[in-house]
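Everything numeric in this text was worked out from a predicted model, so none of it was measured.
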Amino acid sequence: MASDNETIQLELVKAILEELPFGVLVTKNEKEIVLCNRVLSEAFAENQFDRQIHLILEKNLVPAVNTPIRLNENNGIVRKAIIQMGDEEYQIYLLLFTNNKSDFLNIDKHEEILFKDIIEFAYDGLVMVDTEGYVQMLSHAYADFLGVDQESSIGKHVTEVIENTRMHVVAKTGKQEVAELQKIKDNYIIATRSPIRKQGKLIGAVGKILFKNVGQFTALSKRINSLEVELKKYKGDFRERNKASYTFDHLMGRSPAFMEVKGQAKIAAKSDSNVLILGESGTGKELFAHSIHNDSRRAMGVFVKVNCAAIPAELLESELFGYEEGSFTGAKKGGKAGKFEAAEGGTIFLDEIGELPLHMQVKLLRVLQEKEIERVGSTGSIPIDVRVIAATNRNLEEMVSKGEFRLDMYYRLKVLQIHVPSLRERPEDIEILVNHLVEKYQNLMKKRVKGMSDQALRLLRLYKWPGNIRELENIIERAMNIVEEGEVIRSKHLPKEITGYKEAVSIRTLAEVMDETERAAIVSCLEMTSGNKSETAKRLGVSRTTLYEKMNKYGL
């Protein structure tokens, strides 16, 4: 069955033939009539059409020879040509009815005009070359598209006229090339190149753009370019929202515990296996996930983050694996890809994996094992290439023993396991982190300070940090809001849970009150003397030995 494009072209050719002053008959396989124009039809009596046509076909005309003919009292000349395009062979009969002998002599000229007219109207983007690759015919619209002069292009080698052409190759080898991409003037066209044979002999090649109209193609090309720009924007927006923002350079610390886990993460980055990151809330597990992705072979891919605790249980499956159109009430037309499909070629970070319901653990386990997902409402599977990094602050081994987390799921995730130390396990890193956070908030708040006092740093090191680095950042941001421009952050800028100044909320023993007062006096005096213990002992009226004992007692 002919395509819509071919049908339109055929109708256009018929319309052109009806207006030409020649009789034109086109057949296939010597007997199947493909085209017959008005001039030829009117030359025959109504009841003699089939017989007259068969008279022409039965004459066994010699191709390329002008043969006299008399049809229905009309004298004329008929000329036969055989054209082979691809695997199909066509016979074209040109008939000129006239009593003027000079017209007989000019039949070749009429034939040339006829073919040029048909070509110009039927194929806007068409070129013909001889066996050596020299242009014999170039349609006007195609010349305009190429930005060349139509007339002066005739006789030139096709490589001088058309960029990246292969017409000369097809004309020489006789091998057809169908629907091939070709770049012209920063645009890609789709072209078909077919050898032309006459009486079985290769005489050249014809090439055409697989569009009815080059003007339409140009408009479509511009539209495609516009859509590509728009697609790049959306892809850029998507990648911007789904990218790993941190690298190992952002993981700051020099404590042995931290350096060890950082080294483990760098090893994990070289692998493509699943990674399980454990650690208390606020220790920076997500930063490790970002860094592993950015140091891996998937660094150019997307980094899709999923907080398993933030998605309602009933929506988790469709969010992770997507859904098909009509799979449930409210499903988008055309369906929707899930997070795993979005992460194709990259990394998916499943944060708070310990909050994943048991029924979803079963489905995720299949994804980890089979490397394929199944959309909600679909009967087929989609293969995926995604690296999984999971994180949790929960004790998964304890959850497994309680039946809250699948053992097989646990082992699938912990192929490579990293345990990020808490801040209280790495007190040596507090000063590094404080300096970084102070600099960060100075830039954000456009407010300069002179750093932090030694006493304030000492208090930060002594604190137990239940909220880890997240809590430290909160305290630094708070201090930066309180401290005056150009001042030093001191202990008075820190919250009471760190300095030890607490409001009385219950009856305490005198000993407790005295201890707290004594501790507060020592802390205050140490700050006033910039940590000078001799001067502090002198001002408090005690010996240095007594001061050291009390500082040890109060953990100072």
Side-chain angles (χ1 to χ4, degrees), residues 252-259 421-443 445 447-505 508-556:
M252 288 171 291
R254 61 189 177 205
S255 63
F258 184 76
M259 294 304 294
S422 64
L423 191 53
R424 63 181 170 276
E425 296 176 89
R426 40 185 291 218
E428 308 98 311
D429 296 334
I430 287 178
E431 184 174 356
I432 296 172
L433 294 168
V434 165
N435 291 337
H436 166 71
L437 292 170
V438 168
E439 183 65 26
K440 172 183 175 179
Y441 283 99
Q442 282 187 128
N443 295 331
M445 300 167 67
K447 181 179 182 180
R448 308 306 297 179
V449 297
K450 293 182 179 179
M452 181 173 284
S453 70
D454 291 340
Q455 182 61 23
L457 275 172
R458 188 180 297 113
L459 291 173
L460 293 180
R461 291 193 195 98
L462 293 171
Y463 185 58
K464 298 304 181 184
W465 298 109
N468 291 293
I469 298 173
R470 189 177 292 124
E471 184 182 7
L472 175 62
E473 182 166 3
N474 172 271
I475 286 170
I476 297 301
E477 183 179 2
R478 175 185 181 276
M480 285 294 298
N481 277 282
I482 297 172
V483 69
E484 295 293 330
E485 178 88 23
E487 283 193 7
V488 175
I489 297 175
R490 301 183 182 279
S491 56
K492 65 180 181 180
H493 300 121
L494 302 178
K496 294 181 175 61
E497 60 265 24
I498 292 178
T499 62
Y501 291 107
K502 298 180 180 178
E503 295 180 3
V505 293
R508 293 176 293 164
T509 65
L510 287 176
E512 289 174 337
V513 173
M514 290 176 66
D515 283 348
E516 183 177 322
T517 303
E518 192 172 53
R519 181 183 189 282
I522 293 172
V523 168
S524 178
C525 197
L526 280 169
E527 186 172 352
M528 291 175 62
T529 61
S530 299
N532 188 318
K533 297 181 181 64
S534 296
E535 182 64 23
T536 298
K538 182 179 178 181
R539 291 193 183 189
L540 292 176
V542 296
S543 67
R544 289 183 60 182
T545 302
T546 300
L547 176 64
Y548 287 142
E549 289 175 352
K550 291 185 180 294
M551 287 179 66
N552 287 331
K553 176 183 177 181
Y554 299 126
L556 299 176

Would [X] and [Y] pass as an ion pair if we require N to O under 4.0 Å?
X      : Y      : value
Arg539 : Glu535 : yes
Glu473 : Lys440 : yes
Glu518 : Lys550 : yes

Open item on the list: Please tell me whether Glu471 and Tyr463 have a donor and an acceptor in their side chains that are separated by less than 3.5 angstrom.
Closed with: yes

Heavy-atom side-chain proximity of [X] to [Y] below 4.5 angstrom:
X      : Y      : result
Ile432 : Arg254 : yes
Arg519 : Asp515 : no
Glu527 : Ser524 : no
Thr536 : Leu540 : yes
Val488 : Val449 : no
Leu526 : Met551 : yes

Is the count of non-hydrogen atoms from other residues, nucleotides or ligands lying under 6.0 Å from [X] atom [atom1] greater than 12?
X      : atom1 : answer
Met514 : CE    : no
Arg478 : CZ    : yes
Lys447 : NZ    : yes

Open item on the list: Restricting to non-hydrogen atoms, name the atom on Ile489 and the atom on Met480 that form the minimum distance, rounded to 0.1 Å.
Closed with: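 Scanning both residues, the minimum pair turns out to be CD1-SD, 4.0 Å.
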
- [ ] Locate the shortest heavy-atom distance separating Leu423 from Ile469; write the atom from each residue and the value.
- [x]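 That closest heavy-atom pairing would be CD2-N, 4.2 Å.
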
TODO: Test the Arg426-Phe258 pair against the cation-pi criterion, namely NZ or CZ under 6.0 angstrom from the six-membered ring centroid and within 45° of the ring axis.
DONE: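 The answer is yes; both the distance and angle limits are met.
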
Task: Test side-chain contact (heavy atoms from CB on, under 4.5 Å) applied to Met452 and Ile476, Leu437, Val483, the passing residue - done: Ile476

Task: Check: Glu485 side chain, Arg448 main-chain N or O, donor-acceptor pair, under 3.5 Å - done: yes

Task: From Thr529 atom OG1 to Gln455 atom CD, the distance as rounded to the nearest 0.5 Å - done: 8.5 Å

